[in-house]
Trainee: 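Sharing a structure here in structure tokens format.
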Amino acid sequence: MLLFALRRVAFGLVLFVIVSFTTMFLLSFSFDSIIGSKLGSAANVDSIAAMKADLGLDRSVPVLYAEWFRGVLHGDLGASFFTGEPVTEALPSRLAVTLSVVGPAMIISALIALFLGVLAATRGGWVDKTAQGMMLTGYLVPNLLIAIVLVVVFAVNLGWFPATGFTSFAEDPAEWARSITLPVITMAFGGAASMANQVRGTMIDELRKDYVRTLRTRGVSARAIVIRHALRNSAGPALTVFGLTFITLFGSALFIEQVFALPGFGTYSFNVALQGDFPVLMGLTAFGVGLTIGVNLLIDLANGWLNPKARQY
Amino acid sequence: MSTPTAPVAVPALALEDEPAEVRRGALQRLVRDPQAVITGLIILTFVVLGLLANVIPQHGPNEARFEAINLPIGSPDYPLGGDYAGRDILARLLHSINTAMVSGLIGASIALVVGTTLGLVGGYFNRFRTPVEWGATILQTFPGMLLLIVLMPLTGGDFRWTMAIFGFLLTPGIYRIVRNQTVGVSRELYVDAARVSGVTDMRILGRHILSVVRGPVIVATTFLFGSAIGVQSGLAYLGVGSKEIPSFGAMISDGFRNIYIAPGQYIWPAVALGVLNGAFVLFGNALRDTFEGSQPKAEKITATAVADDFEAETADGTGALLEVRDLGIAYRSPSGELNEVVRGVSLTVRMGETLGLVGESGSGKTQTAFGVLGVLPTEAVVTRGSVVLAGRQILGAPQAELNKLRGSEIAYIPQEPMSNLDPVYTIGSQLVEGIRVSTGLSKAKAKERALELLERVGIPDPQRTFRSYPHEISGGMAQRVLIAGAVAPKPKLLIADEPTTALDVTVQADILDLLRDLQAEMGMGIVLVTHNFGVVADSCTSLAVMQGGEVVETGATIDVFAQPQHPYTSMLLGSILDEDTIRDDSAMVLVADGKDPR
Amino acid sequence: MTAPLLRAQGLKVAYPVKGFRKPPVEIVHGVDFEIGAGETLGIVGESGSGKTTIGRAILGLAPISGGTVEYDGRDITALSARERRALSREIQVVFQDPYSSLNPSLTIGATLAEPLIVQGWDKAKATRRVLDLLDHVGLPKNAAARLPREFSGGQRQRVAIARALAPGPRLIVCDEPVSALDLSTQATVMDLFIDIQRETGVAYLFVSHDLAVVRHISHRVGVVYRGEIVEQGPTRQVTKDPEHPYTQRLLLAAPIADPTAQQQRRADRARLRAVQAEQDLQATGVPA
């Protein structure tokens, strides 16, 4: 198991290097335009070249990457071209906002998904039909539309929640809860739909397996079969989908924060990208890639632990 | 599971043009599905409207006029009004459709082409499997949405470039579908047979594999088309890309900012986006139902359903352990009527006796056994009859009552030992669970009993097996474990469904010996479902021969073997390859130059 | 006797194992056998013994890691893809599972025509041949236009046999071809195999776990146990009066469909087990 974990970590590191290098390589094509926008009206061939040399962007991508990667290993991601703020200081405060939305959204949608999925898989009839209808609606309606409908109905028309803005938990917990309610609902909507569908599918697969019949003939109750056996066997696939959904929620935070004007990392990324702030963009990439790899690693390890067959390696 | 399916009439065809036939079949079903037709028509309407974007409206999408600012709906020349900059909302809406469609086309077709190619290559050719898998993993590690934004300096926000990158990000999804299907089909024996027939790899891929992969890929592409449209709108809403390009997202954003002045403006693009996206998802769903059959139904764990007019016959005390009278079991056909697969079966089993329930596949013998146990699949319905166990009617009894009986009086041994153990729990914990349910013993006592039982069924190292997971023991050992679990509560009746069919012949002999010993020890009655007359001759005191859901002959084993009464029984006995039939003609060697002239 | 049609010498099969620098797993540990023209060699063994792998190795579907295979005097141990395709006219196969051995979306006619068409037959000729083949295996002519799902297991197996016969091969590898069939169907399909052999002089490598089936169809029998052929010889000798202890166990474990005879056999088996256990004890000094 330890060997398995070490191998996965090494594998993740290699992936990190490949993906972040590729991103830097792609970004290197736009160095000229980045500097052009930084210089504004003073931009000409000479001033761009001078600035490039100044910022060290005239070096080859492998050299730039090696320097950047060395920084990553030392916990230094450089500083913003525009504000001079170190990237390692700029990111966490924004991430805290995003996490305080994505976290609750993830927990709520996972609970809804489990409840709805198991209910749909074991009840049949109108319960299943209703649950399936809810899941389909979640797929059907783009996040953006849900956000807008929520804002229009509950914020603009009813005035129950603030339409935009964010209050931190430390400042005022009640106000924080009010400020994240609508974004959390928006995110949970789509997330719950896809996870619930997956839970329903794997639960049905499990319940059709031979061992369930044998358990029934031993007099084991339906509740024990569903919870102790079918749900436990579905845990692996379900966890995988939960992890992927978590990553997806970060992606949809990019839109949703914008709609609700939350000062999170989505809004930040967008502004940074508009400016072409190279060090921050690479910092964001490092975070995004790290998140994906980290979550996948956790899923792998959890699956290894959940599945006795995989546990031996 | 042997739910009988009616053969489907298929038109006569020439030799080569099969794929067309299958496609035609799928298309015909699709055209008959209202969901597919309606959503397909909606998509088509959008396409047509988009194509007419330069024809219907009076203005260009970016033509801003001061006098048109925030014009209400129905204004002359501006049927849907004007936006905050004085542009024609209708014109922008129709051009947005084109933006959305082009986005979907770019994203979905890149994912489709790259993903399918990688999937076929990685799934079929072993030597490319690892590199292709690596490529897909790398693509999957790019932080999707964030990457599209991070690369804005590169793409300049041009939605076509953005969607091209998005297409690559979607590729792993298609790749995995195609790869899994390809690996699955490559293992099919018909692919091996084609290889042995000298068919080239290219032809196998095109003819045998692509035809299977096609359905799921079309379905997935439809969904991707929808999600590409959604993502493009989202990015445009954020303001990624040129302000010149009209798109739903940009229009929603404009309208939204204008909500306090002209509250209706965001509704048009929002509705259009919602309807278009929804149409793609629902169309994809309809496609999936057509290609892959409908979604699995929920699986309820309850007592078997009974027919509306079912009424169990009153129990009459014949003193037998198990008395099955006129049992009928049916499955509902898609059109709703009941098709009986077990038709009026009657059986009697006494204590200490073994009844062989013999028949060929589809004869209804396993269904009968499940019917007695009350563990038929959800779709099954009991139509008639009575099952009396030790004087008690158990047909149609509620689940709670059955559970009590199952723990104590009636037990079951399955055919396939491995799939009948839960893979995530140790052998020990599964045995203990069953023992505690049936006897209410404490955990420690139950463990003691489980170890005793493992020893009794002939497992060499009970302690070790107790701690093992199912995948760590052999099939023969697993079957012994299942027997231990079944006899734990000392049941009166044991129902064994082909208990040795999945085992090697040497293991089979041992298992049959074990069952015989246990029966002698506990005095239970056994119903042994089998297709093997050797097993019947070895272990059964009496037998019942089933054909087409009915029992055609019953009697003592010795009598039936010596003098079968029913022609079907005689035919079966006559088909047995007996020990004395040994091939003794010499090898046929044709004329020296050998080959068959044809 | 003239040179055999097929000769395997020291045949070994090993599958590579997933993972870095792991040694391949050897399934077949060097077996020797010969099949003469028009002859049936039965290969009998239990699950995991390697009997199926032997057949697949002859067909080029399993990786040969040692030894040689000669067909008609020519070494076919390591063939290029092109040479292997050319050999498909000579060596054919019938698999166990009649459900997965026919492509469910191809008509019977298309399945049967495929081996002919890849060998360059023109369509009209191939169609005539397909109808002949159907007739040969006892299926109606209109079967050509129908899909596999309309046929029973036994009928599908007839189609599979017809497909194997299509190019007029001299050797057919039969991998448990009747194991998935019902008793009554099994007998008729076996008879078909024998009839075809008598008519065309094709040779069979007939793999099965069922001693009764092998006895019925084979001229000679080889018994496979843990990747090795432990006993080989004329059918009567191997299946009636076996020498190797494993074959003896195998023989006595198979129940006879006769209550009285089976009672006798059970007693014989118990006796043999006692004797063999004692021999093991003497040989190794530890209880088995």
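Every heavy atom of this structure was used, including side-chain atoms; hydrogens, water molecules and symmetry mates were not.
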Trainee: Are any non-hydrogen side-chain atoms of A:L306 and B:V424 less than 4.5 angstrom apart?
Mentor: no
Trainee: Rounded to the nearest 0.5 Å, what separation is found between the OG1 atom of B:T137 and the CD1 atom of A:I293?
Mentor: 10.5 Å
Trainee: Please determine if B:E379 and A:R208 form a salt bridge, counting it only when a charged side-chain N lies under 4.0 Å from a carboxylate O.
Mentor: yes
Trainee: Mind checking the CZ-CG spacing from A:F255 to B:L235? Nearest 0.5 Å is all I need.
Mentor: 4.5 Å
Trainee: With heavy-atom distances below 4.5 Å as the criterion, would you say the side chains of B:F142 and A:I18 are in contact?
Mentor: no
Trainee: Report which part of B:S429 has an atom under 4.5 Å of a heavy atom belonging to chain A: side chain, backbone, both, or neither.
Mentor: both
Trainee: How far apart are the closest heavy atoms of A:G219 and B:V437, and which atoms are they?
Mentor: O-CG1, 3.1 Å
Trainee: With a 4.5 angstrom heavy-atom cut-off, is it the side chain or the backbone of A:V151 that approaches chain B, or both, or neither?
Mentor: side chain
Trainee: Report yes if the side chains of A:F16 and B:T141 come closer than 4.5 Å at any heavy-atom pair, otherwise no.
Mentor: no
Trainee: Are the side chains of B:Y425 and A:Y211 in touch, meaning some heavy atoms are under 4.5 Å apart?
Mentor: no
Trainee: How many angstroms lie between CD in B:Q415 and CG in A:D210, if you round to the nearest 0.5 Å?
Mentor: 8.5 Å
Trainee: Side chain, backbone, both or neither: which part of B:L154 has a non-hydrogen atom closer than 4.5 Å to chain A?
Mentor: both
Trainee: What part of B:I410 is in contact with chain A, defined as an atom under 4.5 angstrom from a non-hydrogen atom: side chain, backbone, both or neither?
Mentor: backbone
Trainee: Given that the side chain runs from C-beta out, which part of A:L136 has a heavy atom under 4.5 Å from chain B: side chain, backbone, both or neither?
Mentor: side chain
Trainee: Where does B:Y266 contact chain A at under 4.5 Å (heavy atoms): side chain, backbone, both or neither?
Mentor: side chain
Trainee: In terms of heavy-atom proximity below 4.5 Å to chain B, should A:L215 be classed as side chain, backbone, both, or neither?
Mentor: side chain
Trainee: Provide the closest heavy-atom pair for A:S30 versus B:P153 in the form atom of the first, atom of the second, distance.
Mentor: CB-O, 3.4 Å
Trainee: Under 4.5 Å between any side-chain heavy atoms of A:F270 and B:L238, yes or no?
Mentor: yes
Trainee: With a 4.5 angstrom heavy-atom cut-off, could you sort out which part of A:F278 is near chain B: side chain, backbone, both or neither?
Mentor: neither
Trainee: In the structure I gave you, are the side-chain heavy atoms of A:T214 and B:Y412 within less than 4.5 Å of one another anywhere?
Mentor: yes
Trainee: Do B:I252 and A:L145 come within less than 4.5 Å of each other through their side chains, counting heavy atoms only?
Mentor: yes
Trainee: Side chain from CB out, backbone as N, CA, C, O: work out which of these in A:L254 comes under 4.5 Å of a heavy atom of chain B, or both, or neither.
Mentor: both
Trainee: At a 4.5 Å cut-off on heavy atoms, which part of A:V14 comes close to chain B: side chain, backbone, both, or neither?
Mentor: side chain
Trainee: Check whether any side-chain heavy atom of B:S438 sits under 4.5 Å from a side-chain heavy atom of A:R218, and report yes or no.
Mentor: no
Trainee: So does A:R228 pair up with B:E433, basic N to acidic O under 4.0 Å?
Mentor: yes
Trainee: Looking only at non-hydrogen atoms, find the nearest pair between B:P423 and A:N233 and report the distance.
Mentor: CG-OD1, 3.5 Å
Trainee: Need one label for A:L144: side chain, backbone, both or neither, based on atoms under 4.5 Å from any heavy atom in chain B.
Mentor: side chain
Trainee: Checking heavy atoms, do the side chain of A:R216, its backbone, both or neither come under 4.5 Å from chain B?
Mentor: both
Trainee: Non-hydrogen atoms of chain A under 4.5 Å away: do they reach the side chain of B:L376, the backbone, both or neither?
Mentor: backbone
Trainee: Is it the backbone or the side chain of A:V272 that comes under 4.5 Å from a heavy atom of chain B, or both, or neither?
Mentor: neither
